[in-house]
Amino acid sequence: MVWTFVSMIFFVVLFFIGSVQLQGAQSIVFQVIGFGGMIFSLLYGLLISQHSSQRQQEHDKSFPE
């Protein structure tokens, strides 16, 4: 989860660098990479959290209290 958060911050910074610091084609490329990375990080974090909760549910079913 920490890796997901760090990558999300990196892509957000990359997106803002593209929108504020650069102009023209470089700006568009940085924004596209930053936005795509943000979406990927969000979906990856969702996938990891869903997988861990599913694993926890299977563990709870295997060992009832």
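All values below come from the heavy atoms of this structure, side chains included, with hydrogens, waters and symmetry mates left out.
Only one option out of Gln56, Gln50, Glu58 pairs with Gln54 in a side chain to side chain contact (heavy atoms under 4.5 Å, CB included); it is Glu58.
Remark: side-chain polar atoms of Thr4 are not paired, donor with acceptor, to backbone N or O of Ser41 under 3.5 angstrom.
Cluster membership check: Val12 shares its hydrophobic cluster with Leu43, using side-chain heavy-atom separations under 4.5 Å among Ile, Leu, Val, Met, Phe, Trp and Tyr. There is no path of hydrophobic side-chain contacts, each under 4.5 Å, that joins Leu46 to Val6. Transitive grouping of hydrophobic side chains (ILVMFWY, heavy atoms separated by less than 4.5 Å) brings Phe16 and Leu14 into a common cluster. Note: the hydrophobic cluster containing Val29 also contains Phe10 (ILVMFWY, side chain heavy atoms under 4.5 Å, direct or indirect links).
Note that CE of Met8 is 7.5 Å distant from CD1 of Ile39, once rounded to the nearest 0.5 Å. Rounding to the nearest 0.5 Å gives a distance of 12.0 Å between CD1 of Ile48 and OG of Ser53. Here Ser27 contributes atom OG and Ile17 contributes atom CD1; the two are 11.5 Å apart, rounded to the nearest 0.5 Å. Distance check: Ser7 OG to Tyr44 OH gives 9.0 Å after rounding to the nearest 0.5 Å. One distance of note links CE of Met38 with CD1 of Ile9; it measures 10.5 Å at 0.5 Å rounding.
Note: Phe35 and Phe15 have tilted aromatic rings, judged against thresholds of 30 and 60 degrees for the angle between ring planes.
Of all heavy-atom pairs spanning Ile33 and Phe11, the tightest one is O-CD2, 3.8 Å.
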